[in-house]
Every structure is written in C-alpha cells, then in structure tokens.
Amino acid sequence: MASLTDHGATMRSQRISAIASGAISASLALFFDWILPSWAKTSYVVFSHIIRARRSDSSLVTSKSSWLVRLRMFCTWLCMCAAYLVWAPNRRLIIIYHGISGNGLNLLLWSGIALQNDGPWDETNKAQSTLLDSAVSFLISSYCLTHRALVWGLFKWTFIRLVIPLLCIGVALYCLREVLPVTRAYYMAWYYSFRFINYAWDTFDYIEAQIVERLPQYLQHTWSSYQQRRPKRAMLPEFQYRPLNAGEIRLLVLKKSPFYPSVIQAEMVHRPIYPPPDYEAVSYRWGSSDLTDEILVDGCRFSITRAAFDLLLARRSVWRERTVWIDALCINQNDVREKSEQVQLMRDIYHRASRVVAYPGSDWRYRLAGSFIYQLWALAHQYNAEGMDWLATPNLAGSPQWRAIADLFSDEYFTRAWVIQEIAVGQTTQLYIGGTYVPWMIFAEVVDWCFHPSRRHILSGSDEKERRIWRSGHTFKNIAVMTSLRPEAEQWRGTVGAYSSLINLENLLYVTSTFRAGDPRDRVFGLVGIARTAGDAALTTPDYSLPVEQVFQNATQAIFSLPKERRTIHILALAGTGFSKRLDALPSWVPDFTEERKCYPYSDVFTEDTCFKASGHLSQDARLEHETNSLIVKATTIDQIMDLSKVEMLGWGLGNFELTDVFQTLRILHKFVYSAIDLCRKYPSSPNMADEVDDERLWSAFIAGQIEGKPAGIEYKEVFRHWLNYLDLVVKARDRSHLKQLVKESALAKGSASAVDGAGNAYQLSLMEACFGRRIAITTSGRLCVVPPLTKVGDSAIIPFGSQTPFLIRKHENQSKDVSYELIGEAWVSGVMHGEMIGSADEELIRIS
C-alpha cells in the first residue's frame, strides 16, 4: 500500500506543479507588461516569432518538405506576428502573446499529437495533460490579474449576498434538525437534487456511449453489407494464400480509413520472424465461425467472421496504415500442416510483436468501462479506500459505469485458452476498450481491487433491488492467472518467487483449468509454447490430426514422466469421474479439459506456504503402467464414506448473467447448511463427531478451514453462529424490509452484527468457494468431508504421497486379478489436511485406471 500511496502523491504533485507553473507564468507576464516600454515588448514578440519560425523551418527541412510548404509556414508566422502588433493592446501584449502562442498553440499542437498517438497514457499524453493544466491556470490567473477590480467586486458580492446567508441558514437548520419538519424536507431536497444530478450525468454517459460506439458500427456494417451485395463485388476473385517459407509469417497491412464508412482494405505480406518486423499482434475471441462479412485483401474478396470484422474495424486508423498479425487471417485455417507449424511459432509471434493489443469485444458499454478503469485506478492509488463501508453504498451497483465494468470483467474473452499465451508472453500488452488503451497491469490492479470481498457485491448489481445478476467468478480468477504468468507480476504469485516453476506444463494446466477453447486440443496446445521455456523435453509438437482424448492422455503421461522432484501429483485434482460426465475413452486419472466444473481445486501451486499439506513432507511416488493404461500411486488410506447429505450439491442452477433473487439464493444456502447439520446429528456417537458438532463446530468444515485463502481463526466460530441466525431470519422474512425489521428485533441488533457485514460477508463468500459444486459427507470414523457431487457411500479416501489434499477412489467391480480403482476426485477431510494421519495409517500402492 505504501507504493500505491507514493504513486498517488506523485500524480497529485505533477498536477499541482503544472497549475502553479501556469499561475507563475501569468504573474511574470503581467509584471513585464508593467515595467517594459512598448518598443521592448514589440521587439520581444518579433524576435520570439523569428526564433519559432526558424525552428519550424528546420523541422520541415529535416522532414524533407517542399519549398512551397516552407513558404506557407513562414507566411503563417509572419501573419501571426503582424496580428499581435496590430490588434493586441500594448499594455497586455506579453500576456496575450503567451496566452495564445505559449499556451494555446502548444496545447493545440500536443493535443493533435496525442490524438494521433496510438496507445495509452504515455509521455505524449502526459505532456498534453500537463499543458492543459498549465494553460487553464494561465488563462484564469491572467484574467484575474488584468481584471482585478471586476473579480474582487464579484467575489465580494458572492460572499456577502450568497455565502454568508446560506451558511447561516445551514447552521440554523442543522441545530434544529430534530425539531423542525422543514429541516428534514430541506435535507431530502438536497438528497434528491444530488440523486437527480447523478442520474442525469449517468444518462448522458449512457447516451453518449451509444451514439459514439453504436452509430459508427451500424453505418459501417450497413455500408459493408451493401457493397457486399453489389454485382461488381462478386466479379472480384477470392483471396488465395501463397505458401509460407520456413521461418516466415504473414502480416496484414490495414489501409488508412477515411472519416466516413468505407470498405476495409488491406494488403497481405510475408515477412521473416527473425529479425522481427514492426507489427502488433492482436488478441480477440473468435466467437461464431460463420463467415458473414467481407473485406478486400490485395484487391480480392476475403470472407471473415463478424468478430474478426469488428476487430479490424476497431484497429483501422485514420492517421496511418497499421500492420497487424491476426491468427484467423494470417494463418491458412484450411491447411492443417501450416496451422501446426504456425502454432509452434505463436509464442515468438506474440513475444516479438511491438505490442499485443487485447480486444475483448465491440460492446458499446465498454466505452463507459474504458475511462472508468482509469478512475478506479486513480482512486486505488490516491486514496485509502479500505476503510470505506462499500456495503452501505447499494446505489453504486446500478450505475452504468459499474454495470459496464462488471460486464467487461465477465466477458468470455477472458475464458479463451489462447488468450493465456497471448497475454503472458507479450512484452507490451494493452487492452483496447471502447476507444481507450489500458495497460494490462493497470487493468489487473483494478480487477484485483474490485474483486476485494468488501466490493465484490457491487459487480452483481441490477436494476432491481431484490435481484442480482449471477456472474461466474471464473473470469475474475482467469485474469489473475494470466497476470501471474507475466514475468513482471511477482506480487501476483505470492511467496513462490520462481516464475519458472509456474510455467511448467503441469502448473499451467492446473491454474488454467477454467479456460475454454473452440477446439478442445487447444487447451493443451495453447500452453505448450509457454511451457517450453521451462525446458520440458517431454513436450511434443502440436498435432491437430490426433483425437482429443489422445492429446489429453499424451499431455498427462508427459507430466507423470517428469522427475519426481517436480511434484506433479496435484494434476489429479483436475481428474476424476465424480463431478460430471467425461469423455468415455479417458482413464479416470487423466483430466478431461472439456469438463466444465463449477468448483475450483483445493490445492494451491502459487505459494509454497499452502493451507493444506495432507501428505506432510512425503515425496511423490507415482509411476505409469503402460500395459494396463494405469497410474500407480503410493498413498495413505484414511477412511470410507459412510453417508452423504440430502442436498446433493450446492448450486443455484443459474447460467452466467441470469437474474437471481437474493432471498432465493440465501434460502438454498440455508437448506444446504442445515442438511449438513442434520447429517452430523444423525451420527452423534461417532468417535470424531463430538469435536465437530458441539457448539456448532461445523463452521470450519463449511469453509474448508480457510478464509480468503488463509487459515481461519477461532473467531470465525462466533461469526458462523451469527451468520446462521441471519440465515434463519432470511427464511422467515417476506421481503427486504421485513428482514430489516426481523434483524432489528432479534439478538443480531444487539452486540455483533457480523452476520450481515464485515466478517460475515467474508465467511459466506469463503463457504461458497469451498462448497460450491460439492456436497457434504461423513466417514465411518465421523470425519466431515466436502466431496464431489457424484460421490457414493463406500468410496475410500486416500492421501497420495506428495499431495496437498486427499482424494476419493472407488473399487472396480468384477475384476479377476489385479485390483484397480476409479478416481472420483479431490476432497476436503477434517482432521487430516495438515499431515495428522501420516505415520499412523496404512500405506499401500494403488492402481488407478
């Protein structure tokens, strides 16, 4: 936080310096206007114009401009000089000269350069922003200094006639606020006035975003569709790819765009990747594969998808030609051999690009999000917002800016498998959002700041008070994963310290388990380029001729063939048959990367100081048995599942972006919790049960023993008790107002209110992260478990050597000789997560098939 505060102080000091510079310049100009004679001021203006004209001429000579351009520039300076001497009053000549030439022309020049600057707020934009602050300060200061009597009279009139009476009325109303009804009406009027101003401002932003974003897109798409239907267009030949030589890539040169709708035209060129040419690599989501739009490449028709068309439309510039690399166009998607060869080069393509531009989409709402990201970033850097009660600001969730930024964070772009490599390896990565460039690290900081438990609820706001938009948390964590894969993002990787360990293939597949791809094989092939930097010789060349199941099994076999020191056993947390239907041809120990699980694994590869160390310090002992297509692991046997809770799985049954009733979700949570409590009360005589049920000790099992990724302290036992009472009131309440009344009348209104805010909110979020997509079970020895939803009574719990967490297995039936097991999935088991069972339980070799 100290570095953020220092950065915020620097930002403020730069603006204060620019404002002070403008005021000082105005004061000095006025001083010289007073003391200098007319001939001196005239000479100063003339010689200054001569110097400026000479500099402009030198610049034109350097840029090899024609003599006609140089003559025009000289005449312009001459006319400006004459205008000053003829029209500017002598007593204010220097102030007017510096106001127009020193500030106005410089501001116009740098604003033009900033307009053409193709990037986020770099040095060019900073210079333009500094000149703007200085120019405004100069204008205000010079006017006040040269019209002192007018300004002083206006100030006295405003202070005496308005400020003092309003201040007296305000003090009187404040002192009598409990007595006079008019006082309450006064405050309500102010409140609704501010509400109306905020609403009007939000409405203006809303309408402006639609006009600026949607109207040009509509006109461009309409014009392109019209041109596409013309008979003259049909006479043009279709674009034909030329073969690539070894080490070559294709680049698309986008032609300049006029200020009116026009056909997108481009040129396809071949360039060697070594040494790298000057180009930008774009990252976007393919979307639908239908070729609905058309552009002209080398004068030929080229059919593309709507997503690619929107991307090219956004990247086309009115200032200059732009050279881009886009996989959908620069790779011949119909040539399997070329596709496999280019996939091997994709890491270098994105790494050697002058920059990587990430384009989440063309949604017009993102125009609101682009500028709002910078506002939130400035808020996080310049102010300490941690002490603010964000739960007391429910109106924020419904504002257009917060809705837009929540939609952006939930965009499916951040679930695309290829995006991982594109973001991770780019030297300079920027998001292009609604016409605004945002550096990736700034974007990641804002996501992390918004995803804090005290602010996360704002991202689920809707237009209805009693309902919320259900947003899957996958995209938020995906952004954090992609950020942690960038070499400079050391703070995102916890205490592990070693970037090379995170980009091992087993860890990459593990942390990117929630990403998706149109071709399932890309879940592996999209990571091979990053993993190769770790020196894994076992990795093979991407081959799109192999079936999906073979690609998944080859990758898993390569992982378990690595040295034991690599600790690859945690990849089993992505495997197992206990979560959903899998590809039939896969063994249970091979992860199915097409599976869309609702939950995250418990194991953690980001930090060495993990919450769970079920196997203690035992080294991994696992080997492949190719004859039986099995994995043999050495493990400690814990227990067997004796019974399961009646509620099969914690879940809301909602799709992403669906509206959900707040009370309905809390009632589902209430049912899940009490189903687990009933399960514990069903077996009161179990040896380990007294320690779990007495005084509601279920609190630890529901959150898997951790709050926000850290071990939960005993104080959360009291938090759980209050939170459970709050859930009871939710079930009784008819609506939100009735719930407030019940809370006020209950014991929650007295003493701790942690059930509804603060620690209670953190506990509820941790419970949903630990139990979502899982169910509660109990073992024969009375241990509480959080297990996969398809777990059955009789499944065995084991701790593989080297594993952070236990796993459930199920014995195959009707086997004639060697006993083998089916892997069900990862589980949390009370009393064994920190190595308590190591050395006191049986150890055996278990064959998983």
Side-chain angles (χ1 to χ4, degrees), residues 339-341 343-348 417-418 420-421 424-425 481 485 498-517 519-576 582-583 585-595 601 603 605 619-634 800-804 807 823 825-826 846-849:
K339 186 177 177 181
S340 298
E341 292 174 351
V343 164
Q344 297 179 60
L345 292 174
M346 281 185 68
R347 184 194 179 281
D348 289 337
W418 276 111
I420 304 168
Q421 177 173 255
V425 304
V481 166
L485 293 175
Y499 169 69
S500 59
S501 66
L502 187 60
I503 61 173
N504 291 335
L505 180 62
E506 66 274 14
N507 291 336
L508 282 173
L509 286 170
Y510 188 85
V511 300
T512 62
S513 60
T514 57
F515 287 81
R516 296 292 168 256
D519 187 336
R521 292 167 292 194
D522 287 336
R523 281 285 290 105
V524 176
F525 294 159
L527 301 175
V528 169
I530 310 176
R532 278 210 171 112
T533 61
D536 289 339
L539 298 178
T540 57
T541 301
D543 186 356
Y544 284 92
S545 64
L546 294 175
V548 173
E549 296 86 350
Q550 190 64 46
V551 171
F552 292 171
Q553 184 158 335
N554 289 350
T556 310
Q557 288 176 342
I559 288 171
F560 281 111
S561 299
L562 295 169
K564 296 180 180 179
E565 298 78 34
R566 289 275 286 266
R567 280 184 174 257
T568 58
I569 197 71
H570 59 268
I571 199 68
L572 291 180
L574 305 180
R582 291 161 39 95
L583 296 174
L586 285 179
S588 63
W589 54 272
V590 175
D592 180 0
F593 297 108
T594 65
E595 188 179 18
S603 301
V605 301
S619 299
Q620 174 180 317
D621 191 349
R623 59 182 175 85
L624 295 169
E625 191 176 68
H626 296 283
E627 296 81 5
T628 59
N629 200 15
S630 303
L631 177 69
I632 298 178
V633 298
K634 191 172 184 180
F801 280 23
S803 173
Q804 297 180 23
F807 289 84
L823 181 67
E826 188 187 39
I846 296 176
R847 176 182 286 104
I848 302 175
S849 60

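Computation of the quantities below employed the complete heavy-atom set of this structure, encompassing side-chain atoms and omitting hydrogens, waters and symmetry-equivalent molecules. Numbers here simply count residues along the sequence, with the first being 1.
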*asked:* When you compare the side chain of F593 with that of L586, does any pair of heavy atoms fall below 4.5 Å?
replied: no
*Among all residues two or more places apart in sequence or in another chain, which pass the ring-ring contact (aromatic ring centres under 6.0 Å, His included) test with Y510?*
H570
_Just to verify, what does D522 make a salt bridge (Lys or Arg N to Asp or Glu O under 4.0 Å) with, not counting sequence neighbours?_
none
*Side chain to side chain, V524 and N554, heavy atoms closer than 4.5 Å*: no
_Checking S619 now: which residues fulfil side chain to side chain contact (heavy atoms under 4.5 Å, CB included) with it, not counting sequence neighbours?_
none
*asked:* Holding to side chain to side chain donor-acceptor pair (under 3.5 Å), I want the full list of residues that pass it with E826, two or more places apart in sequence or in another chain.
replied: S603, T805
*Mind checking what makes side chain to side chain contact (heavy atoms under 4.5 Å, CB included) contact with T512, not counting sequence neighbours?*
I420, V481, F515, R523, L527
*Does the side chain of L583 come within less than 4.5 Å of F552's, by heavy atoms?*
yes
*asked:* As an exercise, state the distance from CD1 of I559 to CD of E506, rounded to the nearest 0.5 Å.
replied: 6.0 Å
*For residues R847 and T628, report the shortest heavy-atom separation together with the two atoms involved.*
NE-OG1, 4.0 Å
*Partner residues of E595 under the salt bridge (Lys or Arg N to Asp or Glu O under 4.0 Å) criterion, sequence neighbours left out*: R597
*Atom pair NZ/CZ of K634 and R623 - distance to nearest 0.5 Å*: 11.5 Å
*asked:* Between R521 (side chain only) and Y544 (backbone N and O only), is there a donor and an acceptor less than 3.5 Å apart?
replied: yes
*asked:* Applying side chain to side chain contact (heavy atoms under 4.5 Å, CB included), can you list everything that pairs with R567, at least two apart in sequence or on another chain?
replied: Q620
_Non-neighbouring partners of D348 that pass salt bridge (Lys or Arg N to Asp or Glu O under 4.0 Å), sequence neighbours left out_ = none
*Under 3.5 Å, is there a donor-acceptor pair between the side chain of S588 and the main chain of S849?*
yes
*Residues two or more places apart in sequence or in another chain: which of them pass side chain to side chain contact (heavy atoms under 4.5 Å, CB included) with P587?*
Q553, W589, V590, N629
*Kindly write out the residues that satisfy salt bridge (Lys or Arg N to Asp or Glu O under 4.0 Å) with R582, not counting sequence neighbours, or none if the list is empty.*
none
_Once side chain to side chain donor-acceptor pair (under 3.5 Å) is applied, do any residues pair with S340, and if so which ones, sequence neighbours excluded?_
none
_To the closest 0.5 Å, what do you measure between CD1 (I846) and CZ (F807)?_
12.0 Å
*Can you tell if the side chain of L508 reaches within under 4.5 Å of the side chain of L485, non-hydrogen atoms only?*
yes
*Which residues pass the side chain to side chain donor-acceptor pair (under 3.5 Å) test with S513, sequence neighbours left out?*
none
*Do L572 and L631 come within less than 4.5 Å of each other through their side chains, counting heavy atoms only?*
yes
*Contact summary for I571 and P591, nearest pair of heavy atoms*: O-CG, 3.8 Å
